[in-house]
A.B. asks: 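Attaching a single structure in structure tokens format; questions to follow.
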2 protein chains.
Amino acid sequence: MANQNVPQATAERLPLYYRTLQGLVAVGKTRISSSEFGDLVQIDSTTIRKDFSYFGALGRKGYGYDTQHLMDFLRKTLYQDELSKVVLIGVGHLGTALLNHNFQKNNNTKIVKAYDIDPSLTGTVVSGTKIYAMDTLATDDNSDITAAILTVPAAHAQEAAEMALASGIHGFLNFSPTTLSLPANAYVRHVDMTVELQALIYFLNHSMEERNSK
Amino acid sequence: MANQNVPQATAERLPLYYRTLQGLVAVGKTRISSSEFGDLVQIDSTTIRKDFSYFGALGRKGYGYDTQHLMDFLRKTLYQDELSKVVLIGVGHLGTALLNHNFQKNNNTKIVKAYDIDPSLTGTVVSGTKIYAMDTLATDDNSDITAAILTVPAAHAQEAAEMALASGIHGFLNFSPTTLSLPANAYVRHVDMTVELQALIYFLNHSMEERNSK
DNA sequence: ATATTTTTGTTATTTATTTCACAATCACTA
DNA sequence: TAGTGATTGTGAAATAAATAACAAAAATAT
């Protein structure tokens, strides 16, 4: 597959495209043009055509894109045709919310188990997911697990990530407000609500200023 | 203030810088060089110096940056010296988790009230935050509210955002997996855990492929 | 007091991303 | 089946962001 040259920015948009196509297919829309699709996802139509062009000719001139075909292609490209198993580390408020949510709708990902430091949680089941003791993490064999969702306090995130890595997990979705320092064989994505909220406030104030000065 | 020309990419990094500086000040570190700071936040030191340079000369040659001074500067730049009031819309699993979390630690933001469509929740208090009926949202006066955190199901996100806008709210942190279509006087940031998880899986698989083909 | 080292701020360069512009091609109409 | 309109795919141009390189200045050491 000619994927090495797909720009990072393009790759980051694929999940949004995929989800949007799922919605279109679900309501029975069989074809869509790049401009109509662009309106939907709020991305310029040229960017969309260029994004798709990195994977070859996915559309038809004068017609547009076949939603089902495009969705199937993206499903494969995003490895959504196979189930990804993930674990959740830290069953606090946010962790529990994610266990309840559990991604599975339209999303071939399953939280197969969770870890927590609180001994009173060990062995209990939250929303169908069994909770294991934190001190078994490093020695468990988790080589069949794609990623760990980190919802532990910031002070324990680094340590938890290292244990998960030791157990064979290389992907991390880090919800803790701290930067993880891991070797090159680990890949981390960071979801930081505090950062998002502060950035929102910054841009709100600045777009206001801009408007006032115009 | 000369802020109109601060690049978007720089602005997006400021909250991370701010949080990291809070940590440094808290442990008593009074000075830091761009390279040491860069190691901490995993960003090239040149990028950091350039980012700060958009705001003028914040450091001293041969010395580095005064952490307290830099933190104070960023606090003002990010409007964190004044309290931002936000509302939460949708008190489900994730909404409840955010109410419990409530951002306030090191973060001058407070969820002052919540809205939910379930009548049995109306008037109750979750983690200190009172819950109001959804149908009062559009007619309430929320002009003193900076932003709304949207944690409603995707199917209701657009509608909820429109009601919040009608009540005077212009900033949105959207956790629902759907694109919002709002007028230009609204500003939306999107936190999408499904997208993050899919992007994580994509990059994991692709960095593996890259390694294997090398 | 002088020399050396450190480290910034900034200009120039490179890389990445987006946007433009339009020929090529296909769909649709009559 | 010819003609018109729609829409892709893509090279070229423009914009944005990251990185390199280094002079200037200040700190520290001798």
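Chain letters run A, B, ... following the sequence lines, proteins first and then strands; every chain starts at 1.
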A.B. asks: Both A:Arg13 and B:Ser35 contact DNA chain C. Which one's nearest nucleotide lies toward the 5' end?
C.D. replies: B:Ser35
A.B. asks: Step by step, work out the salt bridge (charged side-chain N to carboxylate O under 4.0 Å, His left out) result for B:Arg31 and B:Glu36.
C.D. replies: CA-CA 10 Å; B:Arg31 64 180 271 194; B:Glu36 191 183 353; over 6 Å; no
A.B. asks: Are A:Asp140 and A:Tyr115 close enough that a side-chain donor and a side-chain acceptor fall under 3.5 Å?
C.D. replies: yes
A.B. asks: Whether the side chain of A:Thr109 engages the backbone of A:Leu83 through a donor-acceptor N/O pair (distance < 3.5 Å, no angle test) should be reported.
C.D. replies: no
A.B. asks: Rounded to whole angstroms, how far apart are CG on A:Asp66 and C1' on C:dC26?
C.D. replies: 15 Å
A.B. asks: Just N and O in the side chain of A:Ser34: are any of them under 4.0 Å from OP1 or OP2 of D:dT8?
C.D. replies: yes
A.B. asks: Taking the side chain of A:Thr46 as heavy atoms from C-beta outward, which of D:dG9, C:dT10, C:dT19 is closest to it?
C.D. replies: C:dT19
A.B. asks: Taking atom types as modelled and ignoring hydrogens, do the side chains of A:Thr178 and A:Ser176 form a donor-acceptor contact shorter than 3.5 angstrom?
C.D. replies: no
A.B. asks: Please state whether the phosphate of D:dT19, meaning OP1 or OP2, lies under 4.0 angstrom from any side-chain nitrogen or oxygen of B:Thr47.
C.D. replies: yes
A.B. asks: Rounding to an integer number of Å, can you tell me how far A:Leu58 CG sits from D:dG9 P?
C.D. replies: 7 Å
A.B. asks: Look at all strands and tell whether A:Ser33 reaches a base, only sugar-phosphate, or nothing, counting heavy atoms closer than 4.0 Å.
C.D. replies: sugar-phosphate
A.B. asks: Take atom CZ of A:Arg49 and atom P of C:dC22, then tell me their distance rounded to the nearest Å.
C.D. replies: 14 Å
A.B. asks: Which listed nucleotide (C:dT17, D:dA18, C:dA27) is nearest to the side chain of A:Tyr63?
C.D. replies: C:dA27
A.B. asks: Please give, in whole Å, the distance from C:dT10 C1' to B:Phe55 CZ?
C.D. replies: 16 Å
A.B. asks: Please tell me which of A:Thr10 and A:Lys61 maps to the more 5' nucleotide of DNA chain C, matching each residue to the nucleotide holding its nearest heavy atom.
C.D. replies: A:Thr10
A.B. asks: May I have the distance from A:Arg60 (atom CZ) to C:dC26 (atom P), rounded to whole angstrom?
C.D. replies: 10 Å
A.B. asks: Go through C:dG9, D:dA18, C:dT18 for me and flag the one nearest to the A:Ala9 side chain.
C.D. replies: C:dT18
A.B. asks: Can you name the one residue among A:Leu16, A:Leu21, A:Thr47 that meets side chain to side chain contact (heavy atoms under 4.5 Å, CB included) with A:Val41?
C.D. replies: A:Leu16
A.B. asks: With the side chain of B:Tyr65 defined as its heavy atoms from C-beta on, choose the nearest nucleotide among D:dA20, D:dA17, C:dG9.
C.D. replies: C:dG9
A.B. asks: For B:Ile48 and D:dA17, what is the distance between atoms CD1 and C1' respectively, to the nearest whole Å?
C.D. replies: 15 Å
A.B. asks: Measure CG/A:Asn5 against P/C:dT15 and give the value in whole Å, please.
C.D. replies: 16 Å
A.B. asks: How many whole angstroms separate atom CD of A:Glu36 from atom C1' of D:dT7?
C.D. replies: 13 Å
A.B. asks: With nearest nucleotide decided by heavy atoms, which residue, B:Arg31 or B:Asp51, maps closer to the 5′ end of DNA chain D?
C.D. replies: B:Asp51
